[in-house]
Protein chains: 2
Amino acid sequence: MDAMLFLTDDQLLQGIELMYFAYKGFTSDPDRILQNYAYGRAHHRAIHFINRHKGLKVNDLLDILGITKQSLNRVLRQLIDDGLVDSRVGSKDKRERNLYLTDKGTALERELSDAQRKRMRAAYRAAGPEAVQGFRMVLENIMDGETKQRLQRIKDS
Amino acid sequence: MDAMLFLTDDQLLQGIELMYFAYKGFTSDPDRILQNYAYGRAHHRAIHFINRHKGLKVNDLLDILGITKQSLNRVLRQLIDDGLVDSRVGSKDKRERNLYLTDKGTALERELSDAQRKRMRAAYRAAGPEAVQGFRMVLENIMDGETKQRLQRIKDS
DNA sequence: CTTTTAAAGTCAATAATGCTGACTTAATGC
DNA sequence: GCATTAAGTCAGCATTATTGACTTTAAAAG
């Protein structure tokens, strides 16, 4: 009966709204900062993942983001031209390009993630360690299985 | 010291990635369904909130969504023209329009939220009741204070 | 060595969703 | 009567995604 209590349609709808509004808050700080650089969320995501997985291949980035090569092209082109991302020819396979943040790119990544981390830290603090565990568990289960596999693949490579 | 343990920059970055990927999964089911109707996320959001707050005013919907009147116009126009939303002249103030879902609109809302609820229910089940509590607490804290106030205002009206 | 495949990059056209500015219409409040 | 408010509209633009059709370069397969 416990299961019934926390699985009512209304509770689920509330959870859905929470996801929507929390995500909105979650992206609001970076969005504001990005405006100063005439960049958008697409640039932020590229910067984030290049930082997290230094030297990753263009194909891996496409795979993570789940977008097409043509969609990424404009964004990546800008970041490279603006000197935030360094695209180096692969050492083993020269067809590949390994992506790295330059110092300038790292600086913007810092600025963006500082704001986002600050918000997350405050939320975590207010909710407490056990809540954070629950938060993470539920989010992991909301993710697509396919996405999880993709992430695992990148982590392994 | 406990606080230090769960507030490392890496843990926070992991949480940020989790939010990104979970939100992606969260929207994937409705996105797929909406394609069959040539609608997008904007239509979904309008349908969701009109269902949750039956009879709400256009201004309230704008307030909740945080978009401009011109942005909502195209979407709402379509939903009304397609017979999913009913716009009724306010009984007290005839300048106002109260929004309701028609039977057709309610049917689409069902289809969309069934898919989303199914995913949430599975995630909640897998994580357990305490995790759900934590999930909710953290998300509430991630939200903007401004957003919370807006929601409260609608709930009161 | 030649052909096929793979990785990256590009150009063009299209779509969804947001924005701003400049309005109109209708109803309310004073 | 006149200013304000709620709703609705038109036009133009930006961002970010899409698909399709290519090219270039390098590796792999035959």
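Naming convention: chains lettered A, B, ... in sequence-line order (proteins, then strands); numbering from 1 in each chain.
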Proximity to DNA chain D (any heavy atom under 4.0 Å), residues of residues 41-55 of chain A only: A/Arg41, A/Ala42, A/His43, A/Arg45
Given side chains that start at C-beta, do those of [X] and [Y] come closer than 4.5 Å, heavy atoms only?
| X | Y | answer |
| --- | --- | --- |
| A/Asp82 | A/Tyr37 | no |
| B/Ile64 | B/His53 | yes |
| A/Asn51 | A/His48 | no |

Would you be so kind as to tabulate the donor-acceptor pairs closer than 3.5 Å made by side chains of residues 136-144 of chain A, with sequence neighbours excluded?
| unit_1 | atom_1 | unit_2 | atom_2 | d |
| --- | --- | --- | --- | --- |
| A/Asn141 | ND2 | A/Met137 | O | 2.9 |
| A/Asp144 | OD1 | B/Arg119 | NH1 | 2.9 |
| A/Asp144 | OD1 | B/Arg119 | NH2 | 2.9 |

Closest-nucleotide ordering on DNA chain C, the 5'-leading residue of B/Lys92 and A/Glu96: A/Glu96
Atom NZ of B/Lys94 with >12 non-hydrogen neighbours under 6.0 angstrom: no
Greater than 12 external heavy atoms within 6.0 Å of A/Asp103's CG: no
Worked check of side chain to side chain contact (heavy atoms under 4.5 Å, CB included) between B/Phe135 and A/Met19: CA-CA 10 Å; B/Phe135 167 74; A/Met19 272 296 280; 4.0 Å; yes
Outermost DNA chain C nucleotides near chain A [under 4.0 Å, heavy atoms]: C/dA6 to C/dC11
Under the side chain to side chain contact (heavy atoms under 4.5 Å, CB included) test, which residues partner [X], sequence neighbours left out?
| X | answer |
| --- | --- |
| A/Arg97 | A/Val58, A/Ser87, A/Val89 |
| B/Lys104 | B/Leu84, B/Thr102 |
| A/Asp63 | A/Arg150, A/Arg153 |

Spacing of CZ belonging to B/Arg52 relative to CD1 belonging to B/Ile47, to within rounding of 0.5 Å: 15.5 Å
Pairs flagged by salt bridge (charged side-chain N to carboxylate O under 4.0 Å, His left out) wherever residues 35-44 of chain B is involved - sequence neighbours left out: B/Asp31-B/Arg41
Main-chain N/O of B/Phe26 paired with B/Gln116 side-chain donor or acceptor, under 3.5 Å: yes
Sorted by number, the residues of residues 19-37 of chain B with heavy-atom contact under 4.0 Å to DNA chain C: none
Interface residues of residues 72-87 of chain A with DNA chain C (non-hydrogen, below 4.0 angstrom): A/Asn73, A/Arg77, A/Ser87
Residue list, ring-ring contact (aromatic ring centres under 6.0 Å, His included) with B/Tyr20, at least two apart or on another chain: A/Phe49
Which donor-acceptor pairs under 3.5 Å do the side chains of residues 66-73 of chain A make with protein atoms, sequence neighbours left out?
| unit_1 | atom_1 | unit_2 | atom_2 | d |
| --- | --- | --- | --- | --- |
| A/Thr68 | OG1 | A/Ser71 | N | 3.3 |
| A/Thr68 | OG1 | A/Ser71 | OG | 3.0 |

Span of DNA chain D in contact with chain A (heavy atoms, under 4.0 Å): D/dT16 to D/dA27
Given DNA chain D, 5'-ward residue of the pair B/Gln70 and A/Ile67, judged by closest heavy atom: B/Gln70
